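Quick notes on the structure that follows.
Model, not experiment: these values are computed from the prediction. For reference, positions follow the sequence shown, starting with 1.
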Amino acid sequence: MSENKKFLLLILVILGIFAGEKLYKNLNLKKNRKESKYELTITKNSYEDKNGPLDINKATVDSMLKNGISLKYAEGIDEYREITGGFLTIEELRRIKGIGARTFEKISEKIIVYEKPERNSFYINEASDKTLLYFGFTKKEIKKIRKEQNRNFKINSNIELRNILGDERYYYFKDFVQYERY
């Protein structure tokens, strides 16, 4: 056999070994995966990237502290989520007492809204001013609501709330405001 043929045969054998090894590993991985009851799935919320932003709707108070958000604001964020169901936008941070323009700027670099939550509903006649502020009512609207409640003891229906807020604002709130417990 000539030298060229021997060299070519050697290269084919080496390539065959590498291809066989790769095929064996792939088959073995598939076999093991099928036999296993559990698979590892990594999602955005199953790990924390210390350099990346936190999901404000899922982050724990502890993880916020580790990312440089003070305890006061982390607890405020947690309370906001409990009351409203979560943040639809980062701008809602401004509804939390003590978070002004500068603090908002600092915190907003460390968080993100990955998925928009479904809003909790609330009973308008039982809601505190803080709850109404968290849901996005203005101080002026809250004052009108309290005035109506003082006059009639409660807001009885969506018609009354619509008269207080006006059409556009009423349609923003109508899906999560409730009036009576039955």
Side-chain angles (χ1 to χ4, degrees), residues 33 38-146 148-149 154-155 157-182:
R33 186 174 290 158
Y38 306 102
E39 287 190 35
L40 176 64
T41 304
I42 298 177
T43 64
K44 292 178 226 172
N45 298 321
S46 66
Y47 67 92
E48 291 179 17
D49 178 3
K50 291 184 181 180
N51 297 326
L54 293 171
D55 182 351
I56 193 169
N57 289 317
K58 304 268 192 249
T60 63
V61 171
D62 189 46
S63 64
M64 287 187 266
L65 292 173
K66 287 178 184 173
N67 276 18
I69 298 173
S70 77
L71 179 61
K72 174 183 173 185
Y73 301 130
E75 287 176 341
I77 290 168
D78 194 46
E79 178 185 45
Y80 185 94
R81 291 186 304 209
E82 280 183 42
I83 291 173
T84 65
F87 291 82
L88 300 176
T89 66
I90 297 295
E91 288 72 27
E92 290 179 22
L93 277 171
R94 300 290 304 270
R95 296 178 184 168
I96 297 172
K97 186 175 181 173
I99 298 182
R102 292 169 99 192
T103 305
F104 171 76
E105 187 103 9
K106 289 178 188 175
I107 294 176
S108 65
E109 294 171 356
K110 300 173 184 182
I111 56 168
I112 192 166
V113 174
Y114 283 113
E115 294 177 26
K116 294 185 180 194
E118 191 172 313
R119 280 282 193 218
N120 291 340
S121 60
F122 68 95
Y123 294 95
I124 195 158
N125 293 308
E126 298 172 9
S128 67
D129 288 359
K130 180 187 257 186
T131 297
L132 295 176
L133 283 170
Y134 278 5
F135 274 92
F137 288 90
T138 65
K139 289 180 180 179
K140 192 174 186 178
E141 289 169 337
I142 294 170
K143 194 173 184 179
K144 287 180 181 179
I145 288 168
R146 297 299 181 224
E148 183 67 21
Q149 287 171 328
K154 63 182 179 176
I155 296 174
S157 69
N158 56 345
I159 296 169
E160 289 180 16
L161 185 62
R162 190 173 176 181
N163 287 336
I164 294 167
L165 301 176
D167 288 344
E168 187 177 327
R169 292 292 285 165
Y170 165 75
Y171 284 112
Y172 175 78
F173 295 110
K174 73 178 181 73
D175 293 330
F176 42 88
V177 173
Q178 296 185 10
Y179 304 92
E180 294 285 335
R181 286 191 190 265
Y182 295 106

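Judged purely by distance below 3.5 Å, without hydrogens or angles, the side chains of N57 and Y114 never pair a donor atom with an acceptor atom. A donor-acceptor contact closer than 3.5 angstrom links the side chains of N125 and Q149.
Counting non-hydrogen atoms of neighbouring residues, nucleotides and ligands closer than 6.0 angstrom, the CD atom of E126 exceeds 12 such neighbours.
Contact of the K110 side chain with the P53 side chain is not registered, since no non-hydrogen atoms from C-beta on lie closer than 4.5 Å. Side chains of I56 and V113 form a contact here, defined as non-hydrogen atoms less than 4.5 Å apart. Two residues are said to be in side-chain contact when any heavy atoms from C-beta on lie closer than 4.5 Å; L165 and Y172 fail this criterion. For the pair E82/N120, no side-chain contact is recorded, criterion being any heavy-atom separation below 4.5 Å from C-beta on. Side-chain contact between R81 and D78: present, with at least one pair of heavy atoms (C-beta onward) separated by less than 4.5 Å.
Taking a cutoff of 4.0 Å between a charged side-chain nitrogen and a carboxylate oxygen, K154 and E180 qualify as a salt bridge. The residues K58 and E115 are annotated as not salt-bridged, no charged nitrogen and carboxylate oxygen being separated by less than 4.0 angstrom. Ion pairing between D167 and R162 holds under the 4.0 Å rule for side-chain N and carboxylate O.
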Evaluation steps, side chain to side chain contact (heavy atoms under 4.5 Å, CB included), between V177 and S121: CA-CA 6 Å; V177 173; S121 60; over 6 Å; no
Salt bridge (Lys or Arg N to Asp or Glu O under 4.0 Å) between D129 and K139, worked out: CA-CA 8 Å; D129 288 359; K139 289 180 180 179; over 6 Å; no
Pair I111-L93, side chain to side chain contact (heavy atoms under 4.5 Å, CB included): steps then yes or no: CA-CA 10 Å; I111 56 168; L93 277 171; 3.3 Å; yes
Intermediate values then yes/no, side chain to side chain contact (heavy atoms under 4.5 Å, CB included), V61 and L71: CA-CA 8 Å; V61 171; L71 179 61; 4.1 Å; yes
CA sep, side-chain torsions, deciding dist, call: Y170, N158, side-chain hydrogen bond (donor to acceptor under 3.5 Å, both in side chains): CA-CA 8 Å; Y170 165 75; N158 56 345; 3.2 Å; yes
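The structure places NZ of K143 at 15.0 Å from CG of L132, a figure rounded to the nearest 0.5 Å. The distance from the CZ atom of R146 to the CD1 atom of I155 is 8.0 Å, given to the nearest 0.5 Å. Taking CD1 of I90 as the start and CD of E92 as the end, the distance is 9.0 Å to the nearest 0.5 Å. L65 CG to T60 OG1: the interatomic distance, rounded to the nearest 0.5 Å, is 8.0 Å. The CD atom of E79 lies 4.5 Å from the CD1 atom of I83; values are rounded to the nearest 0.5 Å. Separation of atoms CZ (R169) and CD (E141) is listed at 4.0 Å; rounding is to 0.5 Å.
Exactly one of Y80, F176, F173 qualifies for a ring pair (Phe, Tyr, Trp, His ring centres under 6.0 Å) with F135. That residue is F176. Applying the side-chain contact (heavy atoms from CB on, under 4.5 Å) test between I124 and each of I164, L161, T131 identifies L161 as the sole match.
Listed for the K116 side chain is no donor-acceptor partner under 3.5 Å among the backbone atoms of F87. Checked by atom type and distance alone, the side chain of S108 pairs as donor or acceptor with a backbone atom of F104 at under 3.5 Å. Listed for the R95 side chain is no donor-acceptor partner under 3.5 Å among the backbone atoms of F137.
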